[in-house]
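Okay, structure first, notes after.
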Amino acid sequence: MEAFHLLSRGGAKFDKSKFKSDVNLFNGKKSKAANASTSARAPEGELPPELDFFKYAQGGQGKRKASEPNGGADAKGKKRRVEEDEDTEDEDADEAEQAAEEDDPPMPRHRVTTKGNNVPEHVETFEALRERYNIPSRLLQNIAQSGYKRPTGIQSHGIPILLEHRDLAAISPTGTGKTLSYLLPVMSALGAPAASSKSNPGSGVRALILAPTRELAHQIHNECLKLAQGRKWKIVLFSKATAATLADKKVREKIDLIISTPLRLVASLQAGNLELNNVRHIVLDEADRMLDAEFLEQVQEVIAACTHPEVQKAVFSATLPANAEKVAMSMLRDPIRVVVGLKDTPLPLIAQSLTYVADDQSKLPTLLQYLSQPYNPPVLIFVSSQPRATSLAEELVISGVPNVDCLHAGMTMKEREDAVSRMRRGESWVMVSTEVMARGMDFKGVREVINYDFPQSVQSYIHRIGRTGRAGREGKAITYFTNQDAPFLKTIANVLLQSGSTVPEWILKLPKPSKMKRREMGKVKRAEAVNNARRIGRSDAIKKRDMVAASKRRKAKETQSKTDGATSSPHADGADGESA
DNA sequence: AAAAAAC
C-alpha cells in the first residue's frame, strides 16, 4: 500500500530525491521552458521539451508540416523554437493560445457528410453564427478569448443544427473540437440564470452533459466555465460532495447546467434529490461508450427523468459502431447525422506503427530501451488493467525513468486529480494509464502514445491514439503486439492503413482467422491476460491484496459508521464524511 | 469478446 501511494502520488516527487539534477533544472527553468534545449532526451537530465505545450500552442504547425517528416522519431531533432521569453506559466499558456491564432493554419478540412431532414446550412465563421442566430455576444467574446478562431468541421456543421434545436448524432475524429460544438449552442440557449428569480421562476436544471469518466467530466466543466465567464449561471460538476448539497431544494433550483457521469446522477435521482423535468438539452459525450451495456441502463434512466416535451438530445463521439448508432438514433427525434472524415478512422496526422514483442515479458525491456533514447515527453502509455498500470509505473520508476505517473480508477479521487494536474502542468514525462484516459482527455502536449497492451477494440485503439494529434498537431502512436494478439492484429493494421500509416507487408498477408479460431485464441489470450495481470511488477500481488483489503475495510466502515479506527488509507473517507 | 469505468 505504501509503495502504491508513493507511486501514485507521483513520479515527480519521487524524482526530487532520486534525480536531483533533473528536478533542479526542471524547477529552476520552468518559466523559461520556451528556451529549452532541443534535445528531448529526458533521462539525461536536460530540460525536456514537454513544455512544448507552449511551443505547440504558439507555433504554426504549418511550418512543421512542411519541414518535418512524419516519422515521429525524427521530430525531436527539429523542434520549432519559441521565440520569446515568457514569465509565468499562466501567461505562457494564455499568450500561447492567442499567438496560436495568428499563424495557425486551419485544421485539416475533412469531408463532411450530413443526413437528415431539413439540415440547417453550415457556417464558415463564428461571425456568421452571430449574424444568423441570436447568440449572446458575451459568449462569442469568450470564445474568441479562449483562442478559437475558425470553427472546425464539426463545429461549423453541428452548431447551427443544435442552435435550431434539432437532435444530432455527431461523429468527428478525436481532437477536432466536439466539446465546443455542443457547449456553444447549449449555453447560447441557456438564457438567464435560474437564480435570477424573475426570468425563470423555479426553473432549475436546463442542460445536462454526460461523460463516461470523472476526468472527462471535469475537463468539460473547465471548458464550460471558460465560456460562461461573465455570466452568473450555476454550472455544476457533479460529485459526491455536490450531490450532498442537493438535499436542499433551494440549492437545486439554482442550478443551470450539470456535467456528470451517469451513475452519480442516477444516485441523486433515486434519492429524490434532483428534478430534471425542465431539462431542454441533453448531450452524451463519447456516445458509443455511454451506450455500452454497462452504461445504457443508467443513461436511459437519466433520459427518462428529463420529461420536458421539447428536450433536445445530441450524441457525440469519434467512433460510433453500427449497433451503438442504432441505439442512439432510436433515442433521437428526427435526428440529423453528421460525419466528419471517415468513420472509425484516426487522423492521418498521427504517425502510427506496430512493434512486435514476442510475449508479455518482452514488453518491459522494449519500453525501457525506447525510453532510454530521446523521446518526446509526455508519453502516454496504455495498459489493460489497473494492477498492470500500477506495477508498470513502478517498474519504470525503479528502472530510473524520471517523472513517471500513473492514473487509473482504482486510485482515490484526489490521487487521480493530482495526476491529471501534473500532466497538465507538464510535470509528467511518462504517464501510465488504463482505458480511463483513453477517451476525450485533451492534453495538448501529448505527442506520443504507446499501447503497451494491445487495445481490445478498434474503438479503443482510435480513442487511445487520439490523445495525440489534437487540434491539427502531429502525433505518434506505437502499439506493441505479442503472439497472443495475433488474432486481432489485422483489424488494427487495417485501421493504420486506412489512415495513411504504413504496415509491414507480412501483417497484411496474415490470413484472417476464422471466427472459431479467433474465439479459441481469444480464450488463450484471456487466460494469459489473467496470468499476466499482476506480472509486470515484483511485489504486485501483495500491493493488490493490500488494496483489496483496504477497500473492503472501507466498505465495512461505511456500513458501520461508528468504528473509525483501523483504516490504513489517510484520506479515504475523512473528507467526504456522511453529511447527507 | 473483455476489461475498465460508473458508485
Side-chain angles (χ1 to χ4, degrees), chain A residues 209-218 237-244 259-271 273-274 284-302 321 323-324 382-390 406-413 416 420 432-441 451-461 463-464 484-489 491-492 513-534 544 547 551-552 554-555 558-559 572-573 576 578 580:
Chain A
I209 293 156
L210 295 179
T213 63
R214 298 291 306 272
E215 280 75 15
L216 183 51
H218 197 292
L237 174 61
F238 235 52
S239 68
K240 204 186 261 178
T242 53
I259 300 151
S260 179
T261 51
L263 197 50
R264 179 72 266 166
L265 216 50
V266 168
S268 287
L269 282 173
Q270 288 177 348
N273 280 346
L274 187 62
L284 302 187
D285 205 346
E286 305 300 342
D288 51 340
R289 178 65 156 276
M290 304 298 284
L291 300 173
D292 261 4
E294 298 85 345
F295 272 129
L296 182 58
E297 219 175 307
Q298 303 162 23
V299 169
Q300 281 172 334
E301 189 167 344
V302 170
N323 49 345
F382 285 103
V383 296
S384 60
S385 73
Q386 295 180 7
R388 280 175 72 79
T390 310
C406 176
L407 176 46
H408 60 70
M411 290 158 49
T412 66
M413 214 45 232
R416 288 167 70 169
V420 169
V432 183
S433 183
T434 61
E435 287 294 304
V436 71
M437 295 297 277
R439 283 174 178 260
M441 296 309 294
N451 287 317
Y452 187 90
D453 291 334
F454 205 75
Q456 274 122 345
S457 70
V458 167
Q459 285 75 30
S460 164
Y461 177 76
H463 286 276
R464 283 175 173 195
Q484 258 74 46
D485 300 319
F488 309 97
L489 184 57
T491 322
I492 299 294
S514 71
K515 265 188 189 164
M516 273 292 281
K517 180 85 180 162
R518 208 158 46 212
R519 205 167 300 161
E520 253 170 55
M521 294 202 61
K523 269 180 199 157
V524 174
K525 195 190 158 185
R526 253 166 279 143
E528 187 79 9
V530 169
N531 215 15
N532 287 340
R534 306 172 176 184
K544 169 87 183 187
M547 279 169 56
S551 88
K552 269 188 189 147
R554 223 176 299 153
K555 279 205 178 111
E558 269 167 23
T559 50
D573 282 327
D576 329 54
E578 48 253 280

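Across all strands, A/Ala267 comes closer than 4.0 Å to no nucleic acid atom at all (heavy-atom distances). Heavy atoms of A/Ser460 sit nowhere under 4.0 angstrom from any nucleic acid atom. Within 4.0 Å (heavy atoms only), A/Pro212 reaches sugar-phosphate atoms of the nucleic acid but no base atom. Looking at heavy-atom distances under 4.0 Å, A/Arg214 makes contact with sugar-phosphate atoms alone, never a base.
Between A/Thr434 and B/dA3 there is no side-chain N or O to OP1 or OP2 distance below 4.0 Å. In this model, the phosphate group of B/dC7 is approached by a side-chain N or O of A/Thr261 to a distance below 4.0 Å at OP1 or OP2.
Between A/Leu296 and the choices A/Gln300, A/Glu294, A/Gln298, the side chain to side chain contact (heavy atoms under 4.5 Å, CB included) rule is met once, by A/Gln300.
The distance from atom CZ of A/Arg416 to atom P of B/dA4 is 13 Å, rounded to the nearest whole Å. A/Met413 places its CE atom 12 Å from the C1' atom of B/dA5, with the value rounded to the nearest Å. When the P atom of B/dA3 is taken as reference, atom CZ of A/Phe488 falls 12 Å away, rounded to whole Å. For A/Ile259 and B/dA6, the CD1 to C1' distance is 17 Å, given to the nearest whole Å. Whole-Å rounding puts the A/Glu435 CD to B/dA3 P distance at 12 Å. Atom-to-atom, CD of A/Glu215 to C1' of B/dC7 comes out at 15 Å; the value is rounded to the nearest Å. At whole-Å resolution of the value, CG in A/Asn451 and P in B/dA3 are 18 Å apart. Residue A/Leu263 contributes atom CG, which lies 10 Å from atom C1' of B/dA5 at whole-angstrom precision.
Using modelled atom types and a 3.5 Å distance limit, the side chains of A/Thr390 and A/His408 yield a donor-acceptor pair.
Partners of A/Asp288 according to the salt bridge (charged side-chain N to carboxylate O under 4.0 Å, His left out) rule, which considers only residues two or more places apart in sequence or in another chain, are A/Arg439. Looking at residues two or more places apart in sequence or on another chain, you find a side-chain contact (heavy atoms from CB on, under 4.5 Å) between A/Ser268 and A/Phe238, A/Ala243, A/Leu246, A/Leu274.
Closest heavy-atom contact between A/Met290 and A/Asp285: CG-O, 3.1 Å.
A donor and an acceptor atom sit less than 3.5 Å apart, one in the side chain of A/Glu294 and one in the base of B/dA4.
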